[in-house]
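Worksheet: the structure to be examined is printed underneath.
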Amino acid sequence: MSGRKIKWGIMGPGNISRKFASDLIQSENAELVAVASRTEGKAAAFASEFNAARSYNSYDDFVQDPDVEIVYIGTLHPQHKECVLQCLNAGKAVLCEKPFTMNAEEAEELIKVARENNTFLMEAMWTRYLPAVVKAMDWIKEGKIGEVNMLTANFGFNVGWAPDSRLLDKKLGGGAMLDAGIYPISFASLIFGTQPTNIKSSAQIGETGVDEWFSALFEYGNGKTAMLNSGVRLSLSNDAFIYGSEGYIHLPNFLFGEAAYLHRPGSDVEAFKDDRELHGYIYEAEEAMKCLREGKIESSVMPLDETHDIMKTMDTLRKQWGLEY
Ligand SMILES: NC(=O)c1ccc[n+]([C@@H]2O[C@H](COP(=O)([O-])OP(=O)(O)OC[C@H]3O[C@@H](n4cnc5c(N)ncnc54)[C@H](OP(=O)(O)O)[C@@H]3O)[C@@H](O)[C@H]2O)c1
C-alpha cells in the first residue's frame, strides 16, 4: 500500500465498468465509494455488487458527491465529452475510457479544461500498462531488437449483423476504428513515439454507415512502417509483431497482454508470460492513483498531447473514408 486509499466513483455502470470495478476493488490503494447511472436502479445494483457506499440515478447529483476524488467514465464514446466536462467542472480527476472522444476537436477542448482547472485527466488505454507490453517496451529500450523498423498489429472480431448495437449504430459512435482500431493505432504511437507522416488506408463502410473493417499503412519516413488492421464484422488474429534490425517481438493477442516473445537470430526465444488473475484494468487505475498521489495532472505513460495526436490520426483516416460523426 502506498498511503491513503484514493476514493473512486464510476459513471456509466455497463460492461466495461463491471470489469474495471472487479479489478479496482482488489487494490489496497483504492476504495469505490459511488456509482452513477441515468437508468433507474442500475447504479444501486452495481453499488451493491461492488460494495460502494452510494449510488445515484443522476450524473448531476453524482458529481457533487464531495467524497469522490477520481471518476472512471465507462459511458459510450459520444457521451465521453459531456461526462468528462461534468466531472472536471466539479473538480474531480478523471480516467476516461477509450476512445477518449469522438474526434480531435473534442479531445482538445477537454485537455484545455483539465489544464485550466489543474485537474488530472487520462485516457484509459489499459493495454499500455499491461506487464507483457511493458516487457516488450523494456526489450526495445534495451536495444534487444536493434532499430525498430516495422510493426504489424491487428484487433478485429465479428459482432455479426447487429445494426442497433453500439458497435454498428452510427449515433452511438459505432465502427471498427473507434472501438477496436484505436488499439493498434495507439500501439503504433507507443512503439514509434510519434504519429505517421503519411497514411494509406482502405475501409469497408457497411449499411449502417460505419467502418466495419479497415486496413491502414502508416509511414514514418526512413522506410519505417506500421500495417494495422481492425474490424467489428471481421475476426482477425489479434497479434502484434515488432520488427527491428536485430530481431523481433511477438505479442499474441496483444491488447490483452497475455505474453511477449523475444526472437533474436542465434539465441533461444525469450518468453514472458503473464499469469495474472485479474482482467488487467488494475494497472491503469494504479497509474492514475500514483499520479494523484504525486500531484500530477497527467500521466507520462499516456500523455494528453499524445491522446490528442492519436485522435488527429484517426480523424485523418476517417477523412480518407468520407466518414464523419
Ligand atoms: N478498455 C476496454 O477493454 C473496453 C472494453 C469495452 C468497452 N470499452 C469502452 O467503454 C465504453 C463503454 O462500453 P460498454 O461496452 O461498457 O458499453 P455499455 O455496457 O453498452 O454501456 C455503458 C454505459 O453507457 C450508457 N449507454 C448504454 N447504451 C446507451 C444508449 N443507447 N444511449 C445512451 N447511453 C447508453 C449507459 O449509461 P447509464 O448506465 O448511465 O444509462 C451504460 O451504463 C465505450 O466507450 C467503449 O469503447 C472499453
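The model shown is predicted, which means the values in this text are computed figures rather than measured ones. What's counted below: heavy atoms across the whole structure, side chains too, no hydrogens, waters or symmetry copies. Both ligands and their constituent atoms are indexed starting at 1 by order of listing.
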Practice task
Using ring pair (Phe, Tyr, Trp, His ring centres under 6.0 Å) as the criterion, list what pairs up with Y59, not counting sequence neighbours.
Solution key: none
Problem - Residues lining ligand 1 [heavy-atom distance under 4.0 Å, listed by chain and residue number] - result: G12, P13, G14, N15, I16, S37, R38, T39, K42, Y59, G74, T75, L76, H77, Q79, H80, E97, K98, P99, W126, R166, L172, D179, Y183, Y281
Problem - Under 3.5 Å side-chain donor-acceptor pair for N158 and S235 - result: no
Problem - Y325 side chain to N103 side chain, donor-acceptor N/O pair below 3.5 angstrom - result: no
Practice task
Mind jotting down which residue pairs meet the salt bridge (Lys or Arg N to Asp or Glu O under 4.0 Å) criterion with at least one end in residues 89-98? Sequence neighbours excluded, please.
Solution key: K98-D179
Handout entry: Under 3.5 Å side-chain donor-acceptor pair for S245 and E147
Key = no
Handout entry: Contacts of F218 that satisfy ring pair (Phe, Tyr, Trp, His ring centres under 6.0 Å) - sequence neighbours left out
Key = none
